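Worksheet: the structure to be examined is printed underneath.
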Amino acid sequence: MSSDTHREEPASDLSTWTVDQLQAFIHDVCGQQLETARVAAQGHAYNSSHPQKVRRQWAKLSLLASRRMFDHADGRAARLAQQEFMLRMWVIDRLGPDDTDTDWSPEALACDTLDALAFTPPHAAGLAESWRDLPTEQIRELRRHKNLTAHLESLVDYLAPGPAREQLLTWTAIRLLLP
C-alpha cells in the first residue's frame, strides 16, 4: 500500500490492516489518525488468538503511534505517557517481562515512570492534604501524578529491592491521597 493511498482515502477500518500496512500509515500521518492507529494496534495486541510474539509486535506498533503523537502533544503529554505506561505494564503482566527490550523491562518502566513525575513524594503528599484549597492547575497536576502512577501496584512486584522500588512503593501509598 503506498503512502499516497492513505492520504487520498480516509482510514475507515485500520483494524483490518496488516502490521506492515499500519506501520507505513503511522509513519505518514499525524494527529487523530495516529490515535486511531494506536487504538487499532493496541486492539490486536490484546487479541489472545494471536501468538505472543505477534501481540508484542502489535503493542510495539501502538507505542510507535503514541510516541509520534507525543512529539506534538500540546498539553496531552501526561495522558499519552499514562497510556504508554499502562500498555507496557499490560504486556509485562500478560506476556511477560523482557529485559532485552526496554519497552518490556520492569526496571526501564520504573525509571521512565519516576522521570515523568514532577513532584517528589513528600511534595505530592503535602499538597494532597489540602488539595481542595489548591488552585485548579495544581489539582490537575496532582491528578496527572495519580494517572501516571496507576500501574505501580503491578509494577513493584516485578522489581528487585532497591531505591527505585522503594520510591514506587512510596508513590503507591501517596497515590491513594491524590484527587
Side-chain angles (χ1 to χ4, degrees), residues 1-3 5-117 140 143-159 164 168 171-172 175 178:
M1 175 165 290
S2 74
S3 59
T5 302
H6 354 129
R7 288 192 184 120
E8 293 170 10
E9 298 175 14
S12 59
D13 188 5
L14 300 182
S15 69
T16 63
W17 290 17
T18 67
V19 169
D20 292 336
Q21 289 172 321
L22 196 55
Q23 186 168 12
F25 180 76
I26 288 169
H27 284 292
D28 288 345
V29 299
C30 60
Q32 185 58 40
Q33 290 177 314
L34 283 170
E35 174 66 6
T36 303
R38 182 194 70 77
V39 170
Q42 188 169 311
H44 283 288
Y46 291 163
N47 186 338
S48 62
S49 69
H50 293 309
Q52 181 176 336
K53 181 179 177 181
V54 173
R55 294 171 80 186
R56 284 183 190 272
Q57 189 176 15
W58 281 110
K60 191 68 95 164
L61 197 55
S62 181
L63 290 177
L64 174 65
S66 184
R67 289 168 180 164
R68 290 227 37 245
M69 286 188 299
F70 191 79
D71 293 340
H72 305 17
D74 299 333
R76 298 183 332 255
R79 182 180 70 83
L80 293 171
Q82 190 259 346
Q83 288 173 342
E84 176 176 325
F85 293 165
M86 293 302 288
L87 177 60
R88 289 170 65 188
M89 189 70 246
W90 182 89
V91 169
I92 291 167
D93 267 343
R94 301 289 165 85
L95 305 178
D98 179 355
D99 290 331
T100 65
D101 184 329
T102 56
D103 287 330
W104 319 134
S105 164
E107 291 77 16
L109 180 54
C111 288
D112 292 345
T113 302
L114 290 170
D115 288 347
L117 301 173
R140 282 189 192 121
R143 187 69 186 161
R144 283 193 230 19
H145 278 66
K146 186 170 191 166
N147 291 337
L148 287 169
T149 55
H151 61 288
L152 294 186
E153 280 191 34
S154 295
L155 180 59
V156 294
D157 292 338
Y158 290 93
L159 300 174
L168 295 179
W171 271 109
T172 61
R175 185 174 190 280
L178 300 177

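Values in this document were obtained by computation on a predicted structure and should not be read as measured data.
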For Arg175 and Thr149, test the side chains for any donor-to-acceptor distance below 3.5 angstrom and give the result as yes or no.
->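 Arg175 vs Thr149: donor-acceptor pair found between side chains.
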
Could you tell me whether the side chains of Asn47 and Ser49 share a donor-acceptor contact shorter than 3.5 Å?
->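 There is such a pair between these side chains.
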
Please lay out, stage by stage, how Asp98 and Ser105 fare under the test side chain to side chain contact (heavy atoms under 4.5 Å, CB included).
-> CA-CA 5 Å; Asp98 179 355; Ser105 164; over 6 Å; no

Hey, what do you get for [atom1] ([X]) to [atom2] ([Y]), rounding to the nearest 0.5 Å?
{"X": "Arg55", "Y": "Ser48", "atom1": "CZ", "atom2": "OG", "value": "5.5 Å"}
{"X": "Gln33", "Y": "Arg38", "atom1": "CD", "atom2": "CZ", "value": "15.0 Å"}
{"X": "Asp93", "Y": "Arg88", "atom1": "CG", "atom2": "CZ", "value": "13.5 Å"}

Only counting residues at least two apart or in another chain, list the ones meeting ring-ring contact (aromatic ring centres under 6.0 Å, His included) with Tyr158.
->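 Testing Tyr158 for ring-ring contact (aromatic ring centres under 6.0 Å, His included), a comparison that skips the adjacent residues, returns none.
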
Does His151 have any ring-ring contact (aromatic ring centres under 6.0 Å, His included) partners at least two apart in sequence or in another chain, and if so, which?
->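 ring-ring contact (aromatic ring centres under 6.0 Å, His included) check on His151 returns Phe85.
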
Evaluate the side-chain proximity of [Y] to [X]: yes if any heavy-atom separation is below 4.5 Å, no if none is.
{"X": "Leu148", "Y": "Thr113", "result": "no"}
{"X": "Gln57", "Y": "His44", "result": "no"}
{"X": "Thr36", "Y": "Val39", "result": "no"}
{"X": "Asn147", "Y": "Arg79", "result": "no"}
{"X": "Gln23", "Y": "Ile26", "result": "no"}

Cation-aromatic face contact Lys146/Trp171, 6.0 Å, 45 degrees |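 No cation-pi geometry.
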
Kindly write out the residues that satisfy side chain to side chain donor-acceptor pair (under 3.5 Å) with Thr102, not counting sequence neighbours, or none if the list is empty.
->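 Counting only residues at least two positions away or on another chain, Thr102 forms no side chain to side chain donor-acceptor pair (under 3.5 Å).
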
Are any of the side-chain nitrogens in Asp101 or Arg56 under 4.0 Å away from the carboxylate oxygens of its partner?
->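 Salt bridge: no.
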
Within a reach of under 6.0 Å around CD of Gln52, are more than 12 heavy atoms found that belong to other residues, nucleotides or ligands?
->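 Correct, the count exceeds 12.
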
With no hydrogens and no angle check, is any side-chain donor or acceptor of His50 less than 3.5 Å from a backbone partner on Ala45?
->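 Absent.
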
Report the C-alpha separation of Asp103 and Arg67 in whole Å, then their side-chain angles, then the decisive distance to 0.1 Å, and conclude whether the salt bridge (charged side-chain N to carboxylate O under 4.0 Å, His left out) test is met.
-> CA-CA 12 Å; Asp103 287 330; Arg67 289 168 180 164; 2.6 Å; yes

Between Tyr46 and Trp90, is the ring centre distance below 6.0 Å?
->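 Ring-ring flag for Tyr46/Trp90: true, centres closer than 6.0 Å.
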
